[in-house]
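Working notes for the structure below.
Only a predicted model underlies this, so the values are computations on that prediction, with no experimental measurement involved.
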Amino acid sequence: MDPFGRQVYHRRETRTQTADVARMQEESGEIWGTYNRDAMGGRTPYASVDAYHGPLPSGQRGIEFETDVPPDRYSPPHLARWTGPRDGVTIEGDYAKIRVRVRRNTQRD
């Protein structure tokens with residue numbers, strides 16, 4: 001948690017969390033997410049934004065951000081997940097999105 005009570009989260013660099021995506025997230029103040037795959041390889045019923053709890057680990061490429069939007073109550077262990085529509089979570093087509101403030105971006109080339 002930051003000094004103002006906002007929760008801190010991070011996303012690590014992946015094939016979908018690229019440097020270009022991190023730049024867009026930093027510039028727009030939004031993080032978007034789409035459908036996850038379930039254990040059987042099918043699509044989950046809801047689009048979601050997913051992130052890890054806490055600050056970005058030292059030496060890891062990714063983004064660290066804070067948001068006033070609380071994650072879903074029943075998020076998977078060690079993950080924060082935002083589904084909607086609900087206060088703070090907007091659905092646009094196949095994407096969920098939340099407003100954030102990027103605190104650190106280590107994906108800059």
Other residues, nucleotides and ligands only: do more than 12 of their heavy atoms fall within 6.0 Å of OH on Y52? no
Please find the pair of heavy atoms, one from [X] and one from [Y], that lie closest to each other, and give the distance.
| X | Y | value |
| --- | --- | --- |
| P71 | A80 | CB-CB, 3.8 Å |
| P57 | H10 | CD-NE2, 3.6 Å |
| S28 | R99 | O-NH1, 3.0 Å |
| I91 | G84 | CG1-C, 3.7 Å |

Atom [atom1] of [X] and atom [atom2] of [Y]: how far apart are they, to the nearest 0.5 Å?
| X | Y | atom1 | atom2 | result |
| --- | --- | --- | --- | --- |
| N105 | E27 | CG | CD | 10.0 Å |
| Q107 | R61 | CD | CZ | 6.0 Å |
| E30 | T90 | CD | OG1 | 7.5 Å |
| T106 | Q60 | OG1 | CD | 7.5 Å |

Should [X] and [Y] count as side-chain neighbours, where that means a heavy-atom distance under 4.5 Å?
| X | Y | value |
| --- | --- | --- |
| V69 | R86 | yes |
| R12 | Q17 | no |
| L56 | R104 | yes |
| Q25 | I63 | yes |
| V8 | R103 | yes |
| H53 | H78 | no |

Under 4.0 Å between a side-chain nitrogen and a carboxylate oxygen: does that hold for R81 and D72? no
N-O pairing of R108 and E26 below 4.0 Å: yes
Is R11 positioned over the aromatic face of F65, cation under 6.0 angstrom from the ring centre and no more than 45 degrees off axis? no
Examine [X] and [Y] and state if one hydrophobic cluster contains both, with Ile, Leu, Val, Met, Phe, Trp and Tyr joined whenever side-chain heavy atoms are less than 4.5 Å apart.
| X | Y | value |
| --- | --- | --- |
| Y95 | V49 | no |
| Y35 | V89 | no |
| V102 | W32 | no |

Keeping T83 on the side-chain end and Y46 on the backbone end, is there a donor-acceptor pair under 3.5 Å?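 Judged by distance alone, no pair lies under 3.5 Å.
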Using ring centroids (six-membered ring only for Trp), state whether W82 and Y9 fall under 6.0 Å.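 Ring centres of W82 and Y9 closer than 6.0 Å.
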Would you kindly say whether D50 and S48 are connected by a side-chain donor-acceptor distance under 3.5 Å?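 Yes, S48 and D50 have a side-chain donor paired with an acceptor closer than 3.5 Å.
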